[in-house]
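Okay, structure first, notes after.
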Amino acid sequence: MNFGGVEENVVTREEFPLSKAQEVMKDEIIAVIGYGVQGPGQSLNLRDNGFNVIVGQRKDSKTWDKAVADGWVPGETLFEIEEACERGTIIQYLLSDAAQIQLWDTVKKHLTPGKALYFSHGFGITYKERTGIIPPADVDVILVAPKGSGTSLRTMFLEGRGLNSSYAIFQDATGRAFERAVSLGIGVGSGYLFETDFKREVFSDLTGERGSLMGAIQGLMLAQYEVLRENGHSPSEAFNETVEELTQSLMPLFAQNGMDWMYANCSTTAQRGALDWMGPFHDATKPVFEKLYKEVANGNEAQRSIDSNSQPDYREKLEEELKALRESEMWQTGAVVRKLRPENN
């Protein structure tokens with residue numbers, strides 16, 4: 001398929017329908033390990049699509065209880081992690097990056113010849129010298145990475161839509177790695193699947209999270225909010241002009257029609273300003289993105305993540321940082337603004 005003049009390998013639901021995916025997977029037992037961020041959405045979508053799915057999770061944990069509430073039955077479709085790994089012919093390794101490192105020895109011993117090891121993030125494999133996650137040579141190693149949260153994956157599935165995903169083959173031991181990966185991609189509810197590799201997936205993912213998806217957009221919005229507040233604008237005005245109009249009005253429009261359409265369909269005053277100022281913002285931020293990508297590619301970002309997540313007080317420090325973000329004036333104002341939206345009144 002052609003994207004802006006560049007050809008890419010893409011798999012759609014029309015050319016690889018659900019019925020074909022079900023046929024490919026008819027003799028497989030999919031063991032979803034982890035029930036945190038991606039586990040619920042992927043496992044529930046697979047189950048609803050008629051695949052043979054079991055969940056592996058620590059017993060007597062909040063996530064075990066959540067799995068039970070979602071209809072997984074202890075001893076039938078819900079097991080301790082090790083038993084699920086033993087039963088599964090495909091192990092979907094959906095724990096956090098830190099937890100994948102900790103549990104690797106447990107999972108690895110159940111990767112018998114012909115099984116498949118499935119990831120939704122390329123971190124563990126790409127940085128295998130740092131993580132120690134080195135699969136045996138006689139198993140398939142595949143990836144399907146939905147381009148959004150597990151919550152979005154599930155919500156869009158229930159709405160009859162699909163969340164686009166990338167797919168990759170790191171190791172094809174059986175000759176079936178491609179059809180296994182694509183079948184699982186269709187099964188979890190992908191809108192379409194585009195080809196990547198483990199390294200490109202993790203490089204783009206880490207850059208995106210730290211960049212326009214979360215880190216950069218928070219930094220950009222906070223900077224504008226602060227400038228407005230420092231120049232006498234009220235919290236409500238600063239928040240509405242910085243966040244609310246972007247997320248509630250403009251994002252849905254350019255998500256549907258593109259930013260080029262947005263530029264063509266706003267006021268002439270907005271057009272002139274946007275065209276004049278996009279250059280300075282591009283020039284100011286591109287060096288930051290270049291530095292960010294270099295830090296991802298050389299492994300420094302991965303090492304920082306591994307080091308911080310392995311600290312015994314990591315959770316406490318993380319909560320302190322999240323609390324500061326949550327209690328900042330901008331997001332306290334945001335909480336009030338959200339309550340005032342018409343749908344909440």
Side-chain angles (χ1 to χ4, degrees), residues 1-18 37-38 41-42 45 48-49 120 144-167 185-196 201 204-205 207-221 224-225 239-279 281-282 285-286 289 330-331 334 337-345:
M1 189 171 292
N2 190 289
F3 291 86
V6 178
E7 286 294 327
E8 294 189 35
N9 291 328
V10 169
V11 180
T12 69
R13 291 191 281 189
E14 287 71 32
E15 62 188 277
F16 204 107
L18 178 61
V37 177
Q38 283 287 334
Q42 293 201 33
N45 290 359
D48 289 353
N49 271 333
S120 283
V144 173
K147 297 298 107 181
S149 70
T151 301
S152 298
L153 183 72
R154 181 61 176 166
T155 299
M156 293 175 73
F157 176 85
L158 293 173
E159 293 172 351
R161 299 189 292 149
L163 184 65
N164 300 332
S165 302
S166 59
Y167 75 93
I186 297 299
V188 301
S190 303
Y192 72 84
L193 293 145
F194 59 94
E195 187 180 25
T196 187
E201 190 284 328
S204 61
D205 189 74
T207 300
E209 289 169 349
R210 286 148 180 78
S212 64
L213 301 180
M214 295 177 68
I217 197 169
Q218 165 64 14
L220 184 71
M221 292 190 300
Q224 178 172 302
Y225 180 89
F239 187 86
N240 273 278
E241 290 294 343
T242 300
V243 180
E244 192 74 354
E245 185 174 353
L246 172 67
T247 59
Q248 300 305 298
S249 175
L250 300 185
M251 274 188 172
L253 289 174
F254 69 73
Q256 183 175 4
N257 301 305
M259 186 62 82
D260 55 333
W261 180 93
M262 180 66 67
Y263 272 47
N265 286 275
C266 63
S267 72
T268 55
T269 302
Q271 285 173 346
R272 184 70 269 141
L275 289 166
D276 289 346
W277 280 93
M278 69 178 183
F281 277 110
H282 168 272
T285 58
K286 189 171 181 183
F289 279 100
M330 185 169 79
W331 291 113
V337 170
R338 288 192 296 275
K339 289 178 182 177
L340 292 174
R341 288 176 188 163
E343 66 266 24
N344 294 327
N345 291 296

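Keep in mind that what you see is a predicted model, and the values were worked out from it rather than measured.
Side-chain contact check for Arg154 and Asn45: at least one donor-acceptor pair (N or O, by modelled atom type) lies under 3.5 Å. Side-chain N/O atoms of Ser152 and Thr155 include no donor and acceptor closer than 3.5 Å. A donor-acceptor pair shorter than 3.5 Å can be found between the side chains of Glu15 and Thr12. Between Ser166 and Glu195, the side chains place no donor N or O within less than 3.5 Å of an acceptor N or O (distance only, hydrogens not considered).
Between Gly150 and Gln38, the shortest heavy-atom contact is N-NE2, 3.5 Å. In this structure, Ser120 and Gln42 approach most closely via the heavy-atom pair OG-NE2, 2.9 Å. Minimum interatomic distance between Met221 and Met330 (heavy atoms only, all atoms of both residues): O-SD, 4.0 Å. Among all heavy-atom pairs drawn from Val144 and Pro146, the shortest one is O-CD, 3.4 Å. Scanning both residues, Cys266 and Ala270, for their nearest heavy atoms gives SG-CB, 3.7 Å. Nearest heavy atom pair, residue Ala264 against residue Gln271, reads O-NE2, 3.5 Å.
Phe239 CZ to Glu245 CD: the interatomic distance, rounded to the nearest 0.5 Å, is 12.5 Å. With values rounded to the nearest 0.5 angstrom, Leu253 atom CG is found 5.5 Å from Ser249 atom OG. A distance of 12.5 Å separates CG in Leu163 from CZ in Phe157, rounded to the nearest 0.5 Å. The CG atom of Asp260 sits 9.5 Å away from the CG atom of Asn265 when rounded to the nearest 0.5 Å. For the atom pair OG1 of Thr151 and CE of Met156, the computed distance is 12.5 Å after rounding to the nearest 0.5 Å. Atoms NZ and OG, on Lys147 and Ser190 in that order, are 10.5 Å from each other to the nearest 0.5 Å.
The neighbour count for Gln256 CD, taken as heavy atoms of other residues, nucleotides or ligands under 6.0 Å away, does not exceed 12.
With contacts defined as side-chain heavy-atom distances shorter than 4.5 Å, the pair Phe194/Tyr167 does not qualify. In this structure, Met262 and Leu250 have side chains that are in contact, with non-hydrogen atoms separated by less than 4.5 Å. In this structure, the side chains of Leu193 and Ile186 come closer than 4.5 Å at one or more pairs of heavy atoms.
A distance-only check finds no donor-acceptor pair linking the side chain of Asn344 to the backbone of Leu340 [under 3.5 Å].
Using a cut-off of 4.0 Å between Lys/Arg side-chain N and Asp/Glu carboxylate O, Glu244 and Arg341 are scored as salt-bridged.
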Can you list, pair by pair, the side-chain donor-acceptor contacts under 3.5 Å of residues 209-217, counting residues two or more places apart and other chains?
residue : atom : partner : partner atom : Å
Arg210  : NE   : Glu301  : OE1          : 2.5
Arg210  : NH1  : Leu206  : O            : 3.4

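Scanning for side-chain contact (heavy atoms from CB on, under 4.5 Å) contacts around Phe281 gives Leu220, Trp277, with sequence neighbours left out.
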